[in-house]
Amino acid sequence: MIPYGKQFIDSEDIKAVQSVLESDYLTTGPKVHEFEEAFASYCGIDHAVSFSSGTAALHACMAVIGVGPGDEVIVPTMTFAATANCVVYMGATPVFADVYATDLLVDVEWVKGCITSKTKAIVGVDYAGQLCDWEELAQLAREHGIWLIADACHSLGAHNKGRQAGSLADLTAFSFHPVKMITTGEGGMVTCKDPGLVEALKRFRSHGIDVNYQNRELWRYDMVGLGYNYRLSDIQCALGSSQLKKLPKFLKARKYIAQMYFEAFQGVEGIDPLIAWDFDAHSFHLFVVRVAPDNRERIFRQLQERGIGVCVHYKPVHMHSFYKQNFNTTMGMCPIAEWAYDEIISLPIHPGLSDMDVRRIIAVVKGVL
């Protein structure tokens with residue numbers, strides 16, 4: 001089975017992790033700071049704070065901007081459930097926005113129609129590794145005096161007009177799950193410019209405590225707010241730093257595979273890849289294609305049977321039972337996303353794929369079609 005996504009680990013990564021296992025620190029040590037500094041530098045931003053997962057990073061974003069009961073946060077429905085769940089964690093209400101048919105990125109006009117006096121923030125999701133229209137979203141956030149949060153869990157390495165993902169919103173959350181651009185096993189990061197938010201993020205990931213063990217005076221410390229144990233270990237950060245060095249190579253491999261797919265499926269009846277508006281700026285976390293809705297289940301099943309590990313990203317969040325039962329979401333709320341959900345399939349794309357693998361995938365897809 002060729003999986004749709006997979007980590008790429010080499011001997012340098014293993015040595016980096018081994019060096020930590022042989023050191024004095026396994027967690028909250030120097031490798032955490034090193035990874036955060038390197039990551040912030042790559043993104044062209046002042047600060048980065050690591051977390052135990054992308055979900056924890058999103059949760060922290062909501063917490064430090066003060067999202068709470070009575071607030072609304074606008075979220076695209078075409079995303080993984082965690083994007084909306086982090087709003088619910090804070091006792092607030094996610095308001096679901098539909099997406100554009102061509103790329104499944106959040107529809108800015110739809111977002112405009114969702115803004116009310118209760119709106120605390122807008123969350124944009126860089127679906128599949130393609131950047132949202134951050135200029136329009138930023139202008140909208142400024143006009144209404146609300147926060148702009150980027151869910152960039154798909155888009156590390158994507159860029160726009162010289163600015164990297166991670167520097168385009170007030171706060172940006174990343175994921176380092178094994179299928180993402182780089183991995184720490186599980187892990188996440190938040191980037192931002194505001195030093196005050198950085199300190200709040202660090203407290204939130206460590207039980208709400210105001211100092212860490214390195215600058216604590218004797219035994220004294222204070223828990224100044226409610227926080228969580230969302231820290232990332234030195235073991236994971238050593239792996240992250242090693243992986244980050246290989247990110248340019250990983251991006252090149254993903255774009256090479258995407259180009260093979262685009263060329264192979266051009267003009268082929270029954271399959272339609274999502275549009276990549278700026279190929280060079282895309283990170284290609286996913287390669288998503290549309291097929292006829294009455295054929296999708298058959299195509300999906302037959303690809304799986306032939307060893308091609310396809311997936312579907314995603315079931316729109318408002319269609320999940322939890323949101324129907326607790327937030328009265330209904331079918332028809334976001335028709336473009338609902339329509340897309342019946343058609344989309346994600347083909348394998350990750351740096352571990354060989355030319356032979358990709359050619360096999362293409363041949364099997366064409367055969368099944």
Side-chain angles (χ1 to χ4, degrees), residues 4-5 54 58 74-84 94-114 122-137 140 149-158 160 165 168-169 172-175 179-181 254-255 257-258 261-262 265 270-279 281-293 295-296 299-300 310-320 323 329 331-349:
Y4 86 87
L58 286 164
I74 300 169
V75 178
T77 191
M78 184 54 77
T79 184
F80 184 58
T83 313
V95 176
F96 294 106
D98 210 347
V99 293
Y100 297 120
T102 51
D103 52 25
L104 304 188
L105 295 172
V106 67
D107 184 328
V108 177
E109 290 300 318
W110 196 285
V111 171
K112 288 180 182 178
C114 292
I122 299 166
V123 180
V125 174
D126 296 328
Y127 179 81
Q130 185 156 230
L131 295 178
C132 295
D133 190 341
W134 288 109
E135 291 179 357
E136 288 291 323
L137 290 172
L140 196 58
I149 309 298
D151 179 339
C153 292
H154 291 188
S155 61
L156 178 60
N160 178 48
L168 303 169
T172 302
F174 292 91
S175 169
V179 299
K180 297 303 197 304
M181 312 308 294
R254 287 177 178 273
K255 290 174 184 178
I257 295 165
Y261 283 149
F262 277 122
F265 298 132
I271 187 167
D272 186 19
L274 290 187
I275 287 177
W277 298 109
D278 186 341
F279 184 89
H282 203 304
S283 67
F284 289 105
H285 164 58
L286 301 174
F287 193 89
V288 179
V289 299
R290 276 194 164 94
V291 297
N295 280 334
R296 202 270 296 272
I299 292 169
F300 186 96
V310 289
C311 198
V312 171
H313 298 92
Y314 297 96
K315 180 177 183 177
V317 184
H318 76 278
M319 293 174 62
H320 285 288
Y323 285 97
T329 58
M331 292 294 291
M333 283 180 55
C334 298
I336 299 298
E338 294 167 19
W339 166 57
Y341 173 56
D342 289 335
E343 298 185 336
I344 54 177
I345 293 177
S346 300
L347 299 181
I349 186 167

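Each residue takes its place number in the sequence, starting with 1.
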Next on the checklist: Once ring-ring contact (aromatic ring centres under 6.0 Å, His included) is applied, do any residues pair with His313, and if so which ones, sequence neighbours excluded?
Outcome noted: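 Applying ring-ring contact (aromatic ring centres under 6.0 Å, His included) to His313 gives Tyr4.
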Next on the checklist: I'd like to check the ring-ring contact (aromatic ring centres under 6.0 Å, His included) partners of His285; sequence neighbours left out, ordered by chain and number.
Outcome noted: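 His154.
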Would a 4.5 Å heavy-atom cut-off, applied to side chains only, mark [X] and [Y] as touching?
{"X": "Pro273", "Y": "Tyr261", "answer": "no"}
{"X": "Val99", "Y": "Asp107", "answer": "no"}
{"X": "Leu58", "Y": "Asp151", "answer": "yes"}
{"X": "Ile344", "Y": "Val289", "answer": "no"}

Looking only at heavy atoms, what is the nearest atom pair of [X] and [Y], with distance?
{"X": "His282", "Y": "Ala128", "answer": "CE1-O, 3.3 Å"}
{"X": "Leu137", "Y": "Val108", "answer": "CD2-CG2, 4.1 Å"}
{"X": "Trp110", "Y": "Ala97", "answer": "CD1-CA, 3.3 Å"}
{"X": "Met78", "Y": "Ala337", "answer": "CE-O, 3.6 Å"}
{"X": "Glu343", "Y": "Pro293", "answer": "OE2-CD, 3.6 Å"}

Next on the checklist: Which residue in the set Leu274, Leu286, Asp98, Val125 passes side-chain contact (heavy atoms from CB on, under 4.5 Å) when paired with Leu104?
Outcome noted: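 With Leu104 as partner, Leu274, Leu286, Asp98, Val125 yield a single side-chain contact (heavy atoms from CB on, under 4.5 Å), made by Leu274.
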To the nearest 0.5 Å, what is the distance between [atom1] ([X]) and [atom2] ([Y])?
{"X": "Ile349", "Y": "Lys255", "atom1": "CD1", "atom2": "NZ", "value": "11.0 Å"}
{"X": "Leu347", "Y": "Ile257", "atom1": "CG", "atom2": "CD1", "value": "11.0 Å"}
{"X": "Arg290", "Y": "Asp342", "atom1": "CZ", "atom2": "CG", "value": "10.5 Å"}
{"X": "Asp133", "Y": "Asn160", "atom1": "CG", "atom2": "CG", "value": "8.5 Å"}
{"X": "Ile345", "Y": "Phe287", "atom1": "CD1", "atom2": "CZ", "value": "12.5 Å"}

Checklist entry - Should the ring pair Phe284 and Phe279 be called parallel, tilted or perpendicular, given that the plane angle runs from 0 to 90° and is split at 30 and 60? => result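 Tilted, since the angle between the ring planes falls between 30° and 60°.
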Checklist entry - By side-chain hydrogen bond (donor to acceptor under 3.5 Å, both in side chains), which residues pair with Thr77, not counting sequence neighbours? => result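 So Thr77 forms a side-chain hydrogen bond (donor to acceptor under 3.5 Å, both in side chains) with His318.
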Next on the checklist: Under the rule for side-chain hydrogen bond (donor to acceptor under 3.5 Å, both in side chains), what residues qualify as partners of Glu136, not counting sequence neighbours?
Outcome noted: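 By the side-chain hydrogen bond (donor to acceptor under 3.5 Å, both in side chains) rule, Glu136 matches no residue at all.
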Please identify each residue that fulfils side chain to side chain contact (heavy atoms under 4.5 Å, CB included) with [X], with sequence neighbours left out.
{"X": "Ala84", "result": "Val75, Pro94, Phe96, Val317, Tyr323"}
{"X": "Asp278", "result": "Asp280, Ala281"}
{"X": "Ser155", "result": "Asp126, Leu131, Ala152, Ala158, Ala165, Ser283"}
{"X": "Asp103", "result": "Tyr100, Leu105, Gln130, Trp277"}

Item to check | Other residues, nucleotides, ligands: >12 heavy atoms within 6.0 Å of Phe80 CZ | outcome: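 Open: at most 12 neighbouring heavy atoms sit under 6.0 Å from CZ of Phe80.
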Report the residues that fulfil salt bridge (Lys or Arg N to Asp or Glu O under 4.0 Å) with [X], sequence neighbours left out, ordered by chain and then residue number.
{"X": "Glu338", "value": "none"}
{"X": "Glu109", "value": "Lys112"}
{"X": "Arg296", "value": "none"}

Next on the checklist: With a 6.0 Å cut-off on the ring centroids, do Tyr314 and Tyr341 count as close?
Outcome noted: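 No, they do not, as the ring centres are separated by 6.0 Å or more.
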